[in-house]
Structure formats: structure tokens, C-alpha cells
Amino acid sequence: MKGKVYLVGAGPGDYKLLTLKGLECIKIADVIVYDRLANINYLKEAKPNCEFIYVGKASSNHTLPQDDINKVIAAKAKEGKIVTRLKGGDPYVFGRGGEEAEVLVSEGIEFEVVPGITSAIGGLCYAGIPITHRDHASSFHVITGHLRDDDKENEELNWNALANTKGTLVFLMGVANIKKISENLIKEGKDKETPVALISWATRYNQRVVTSTLENVYETAIKENVKPPTLIAIGSVVGLRENLNFFEQKPLFGKNVMVTRSRTQSSSLVEKIMDLGGNSIEVPTIKIEKIENNLELENEINKINEYTYLVLTSKNGVDIFFDKLNEMGKDSRALANLKICAIGTATAKEIENRGVKPDIIPEKFIAEYLFEELKPKLKTNDKILIPRAKNARDYLVNKLSEICQVKEIHTYETVIDNSKKEEVLELINEGNIDYITFASSSTVTNFVELIGKVNIDKLENIKIISIGPITSNTAKELGINIYKEATVATIDGMIEIIKKD
Ligand code: SAH
């Protein structure tokens, strides 16, 4: 077995600013070596047994010295593993990617480099600054701000050339040396009034940009407490930011939204929040546990011809039901004589994904509405199959049973997921959460169980968004104030409410 190393540019931070090739390298990796500049959410795309090695900060104080990073990468590759080394931005723009590649060559290890969007260009872009512009800059220069502090300092960079080019100057790793940088440039003749932007955590939800002039930038940085990672952009293109600043104008820019859903279901909400410029913090409160060896379900599927209705109430429910059907060597044709009802558009869509069009989708996505819609249609000799969660509400089954025969089968149960408890409490205590979303009654109950009843009053200053009336009621009963409820009880409905807010 021969190992291989991919040096992958992970882009400047925005989750979607990664190449397809980079994503592929993450998915096939046995080992991922990463540092603080690579968005850690990429690790979710890795294989289940992938090993993660954190090699620390990319700025001045490494937790692992470069030599050790090189050794780790080489050793893992020699074990025959596929190693993906995720580096912020582009692997060859500073960050010592070239040295890592040289080590691999000298060790005879196969490697590939996947370029990434460097923060020097992408970071400026998200700050509303085009790095070149016909009326402003015909070249750009990317420079290390990590200057030597011995007497060779002035030999390292040609300050005279930098001061006299009309191109845009971008310093990386320069926060500690802003004073030296601005003084050297002014000394060599650069206009004191040249606009400067300090761009921190570029392309992330917590991007922060402060602008100044070359003469005042050091004071500005001190006053505004600018910290790495920060880009220093110098040149008249900085002025274009006023017009071109699309990113910071996104509706959820700078907002932290806690998303409480089961692991398997949160992705569409999380993605929508990110696309709107917000930071979504996933809190898995529940996990779905499928009921294994479900003989009861098999029995009813074998007698499916006796039924006239099939009611499916969640995406998980649909998946488990159809998987079982397939496992038993049957397909959707077995359901040809049934009317199929779906609670919720997500449930309906999942049924359609299985090649079946649901016959009944209630106007509002709760059991009460389904009942109202079914009531006039049902006859006493109808027979309804409801495969669903063990801890679901009794309402639907009870009401339907008043009219005809109903068989409820438990196909899965939801259990508390405690894995993020400490982290969640810490975030709430820090007071940085703007919204919490609840997409079902059970997530509310489970969230409260997770944080503990004693901590409910800590939610007071957070805007709580509920998907619909049942969820809101559960919250109220537990002493949680709902800030707003979605008009349409869907994920999009919740997003709409937050956007308007
Ligand atoms: N290879 C990286 C640069 C590594 S050097 C790239 O191509 O972007 C590390 C420096 O990059 C940091 O000190 C900072 O100046 C800059 N940097 C990287 N990502 C950044 C970000 N998201 N926001 C601001 N600066 C960033």
C-alpha cells in the first residue's frame, strides 16, 4: 500500500469557497491535518473513521513546529494512508506549503497540490475591495508582514519599490508590524493619505473591516484592537468598498443562530443560514435511533394489501419504511392500492424521492390538519397504517381510531444527544447567541433537558424562533418565551421570519 499526500488550499474561510477537488480530497482522506485558518466544518465531510490532527495556529506561535508537522504528514503517508493537509487560503501563498512539498519529494512520497482561493484576493473581495481596477491599480503585490527583527530587516523587502508602485499592496501576517510597515512606506515616498483596510477573519460571519489612512493606521489598529488573522490592504481600491460591500450586507451577516435539530435533519437550515451570511451553530439535541429487526413492520408490509391508507409523518419515517420495503424485495408498486398521506413538505418530498406521489398533503403541516382533511374521506371499513416514531403524540392515532381501524407501528425513536452540552452552555453564557430555532416540540423538550431547567432564564435575551403553534406551546409550557413563530411551518418559513427580523 502506497500513501499519498494532498496539500489542499481550504480557501479563506467561507464554507463554500473550496474547490471541488479540495472537497474530494477531504472525502477520501484517512488522515486530515489542519490548522486554525481552515474552516473546521469541512471535517464533517470526512469519512467516518478519518483521523483528525490539529497542528495549531497559523500565526506566530505554532502549537506544532513546522518540522513536526512535516514529520507527522510524512509518517502517516508512509503507513500507506491518504493524508489531506488542509491549509487556509492557497497552500503556496505563505504558510510554508512549498517546504511541506519539498519534504515529501525528499522522502519519496507521492503528492498533489490543490490550489485554493487565497485570502489575499478572496478576503479583499468579501470586504468589497477589488484587488485591481482600471482606474485604481494595474498590479497587486502580496507581501509577508512577518518581518525579521535583526539588522537584515531592511534587506528583506524593497520598501522603495513597494512605496512607489501604484499597485495594491496586501500584507499578510502583518498585524504585529503595522507601525513598521506604514513608516517604511511613508519614508520611501508613499502618500500618507493612501487608504488602508484592515480585514480580520475575512469571508467569515465574524469578518470585521476597519479603514484608515497609511498615516493613521497604526493608531486605528490599536484603538480598534485589531488581532490576527488580518489582511492589510493598501491602495485607493480600498475606497470602492463603500459601493461594493456585498458580503456585510447579507441579511444574517454577523448573526449567530443556534440550530436545534436532530443531526440528520439540520443541514438545509444550516446551509440557508450560511448562505445568508450568518453563523449557524448546530446543537444536536436528539438523535434518531431506528428500531432494528422490526418484525412488526415486516408483518404489516406483508399484509399491506389489507390497508387503504398509509400515513407518513417525517422524513426519517419515510426512509425507514421504504428501506424496509426494499430490504424485503418489494418496491413502491406494493403501495399501488393505498392512498398515501404526508405530514409536511419535507416528508412529501422524501416520498416523491422514492418515486411515489403522496395523495394527501395537509395545508398546514400538523396532525390536526391532516385529521381534518382525512375525516370526510374516511369510511368505517378503511384501514390505516401509521409507521412512525415511538415517542410521537397520540392525537392522530386516537382521533382516526374513532372512525376506522388504525395500526400504529413504531419504526424509530428519538433519544437525547448529550454530546455538546458544555459547549452549548458556554455559548449561551457568553451572550453571543442572537437566535435559537426550534423545529419541533421534541427539540424544545430535549433542548431543555440538555441545558437543564435551571438554565432556562439564561435564554431571556435570545430571540427564540419556533416552526409552528405546537412547538410554541411546548416552549411556553416549559417557560421559554417564543419571540416569533413561522407563518408557514417549514424550515423556509423559519428562515423567512429571521430574515425579516
Ligand atoms: N495561505 C494563506 C496565508 C497563510 S499566512 C492564504 O493564501 O490566504 C496567514 C495569514 O494569512 C494571516 O496572518 C492573515 O494575514 C492571512 N489570512 C488568512 N486567512 C485570513 C482570513 N480569513 N482573514 C484575514 N486574514 C487571513
Side-chain angles (χ1 to χ4, degrees), residues 6-19 22 25 33-42 55-66 69 73 84-101 113-129 131 140-147 156-157 168-182 196-211 217 221 224-234 238 241 245 247-248 253-254 274 277 279:
Y6 293 94
L7 294 178
V8 175
D14 179 336
Y15 187 73
K16 291 192 177 172
L17 293 184
L18 175 75
T19 62
C25 294
V33 180
Y34 67 104
D35 53 48
R36 77 157 181 164
L37 285 181
N39 187 331
I40 56 160
N41 286 322
Y42 293 134
V55 293
K57 298 180 181 177
S59 65
S60 49
N61 48 344
H62 297 261
T63 43
L64 256 196
Q66 188 64 43
I69 298 179
I73 295 173
T84 291
R85 164 67 165 127
L86 277 185
K87 295 177 79 72
D90 180 89
Y92 279 172
V93 177
F94 302 123
R96 307 179 71 172
E99 288 163 58
E100 286 178 20
V113 185
V114 181
I117 297 176
T118 176
S119 64
I121 298 174
L124 265 62
C125 168
Y126 268 46
I129 303 168
I131 196 163
F140 61 84
H141 311 267
V142 178
I143 308 139
T144 175
H146 197 82
L147 305 171
E156 197 179 0
L157 294 173
T168 306
L169 304 181
V170 185
F171 284 86
L172 274 64
M173 302 177 284
V175 174
N177 288 317
I178 291 183
K179 194 161 194 262
K180 269 191 204 164
I181 291 167
S182 55
V196 180
L198 301 173
I199 310 161
S200 308
W201 288 113
T203 80
R204 305 249 185 162
Y205 71 97
N206 56 337
Q207 168 174 308
R208 180 164 168 253
V209 181
V210 293
T211 51
V217 65
E224 299 285 341
N225 194 21
V226 173
K227 293 258 166 9
T230 292
L231 301 151
I232 306 170
I234 305 172
V238 167
R241 169 177 154 77
N245 179 9
F247 179 61
E248 290 166 30
F253 175 72
M274 284 194 311
N279 179 36

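Sequential numbering from 1 along the given sequence is applied to the chain's residues. We count ligands from 1, going down the list as the structure has it; atoms in each ligand are counted the same way.
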Practice prompt. With the side chain counted from C-beta on, respond yes when L172 and V93 share a heavy-atom pair under 4.5 Å apart, and no when they do not.
Written response: yes

Worksheet item: Would you say the side chain of D35 lies within less than 4.5 Å of the side chain of R85, judging by non-hydrogen atoms?
Response: yes

I need the atoms of ligand 1 closer than 4.0 Å to a non-hydrogen atom of [X], numbered in the order shown.
X	answer
W201	22 (N), 23 (N), 24 (C)
V93	1 (N), 2 (C), 3 (C), 4 (C), 7 (O)
T230	14 (C), 15 (O), 24 (C), 25 (N)

Polar contacts were defined as any N/O atom of the residue lying under 3.5 Å from an N/O atom of the ligand; does this apply to [X] and ligand 1?
X	value
S200	no
A120	no
F94	no

Worksheet, complete the sentence: Short version for P228: what comes under 4.0 Å of ligand 1, heavy atoms counted, is neither

Item to complete: Using a 4.0 Å heavy-atom cut-off, say whether V175 meets ligand 1 through its side chain, its backbone, both or neither.
Response: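 Neither part.
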
Worksheet item: Mind checking whether P12 has a heavy atom under 4.0 Å from ligand 1?
Response: yes

Discussion item. Tell me whether G88 reaches ligand 1 (any heavy atom closer than 4.0 angstrom to a ligand atom).
Written reply: yes

Going by atom type alone, with no hydrogens or angles, which donor-acceptor pairs under 3.5 Å involve a side-chain atom of residues 8-15 and a protein atom two or more places apart or on another chain?
{"from": "D14", "atom 1": "OD1", "to": "K16", "atom 2": "N", "distance (Å)": "3.1"}
{"from": "D14", "atom 1": "OD2", "to": "Y126", "atom 2": "OH", "distance (Å)": "2.8"}
{"from": "Y15", "atom 1": "OH", "to": "E45", "atom 2": "OE2", "distance (Å)": "2.8"}

Worksheet entry | S182: side-chain hydrogen bond (donor to acceptor under 3.5 Å, both in side chains) partners, not counting sequence neighbours | none

Item to complete: Select the closest option to atom 9 (C) of ligand 1 among T118, L37, T203, L172, judged by heavy-atom distance.
Response: L37

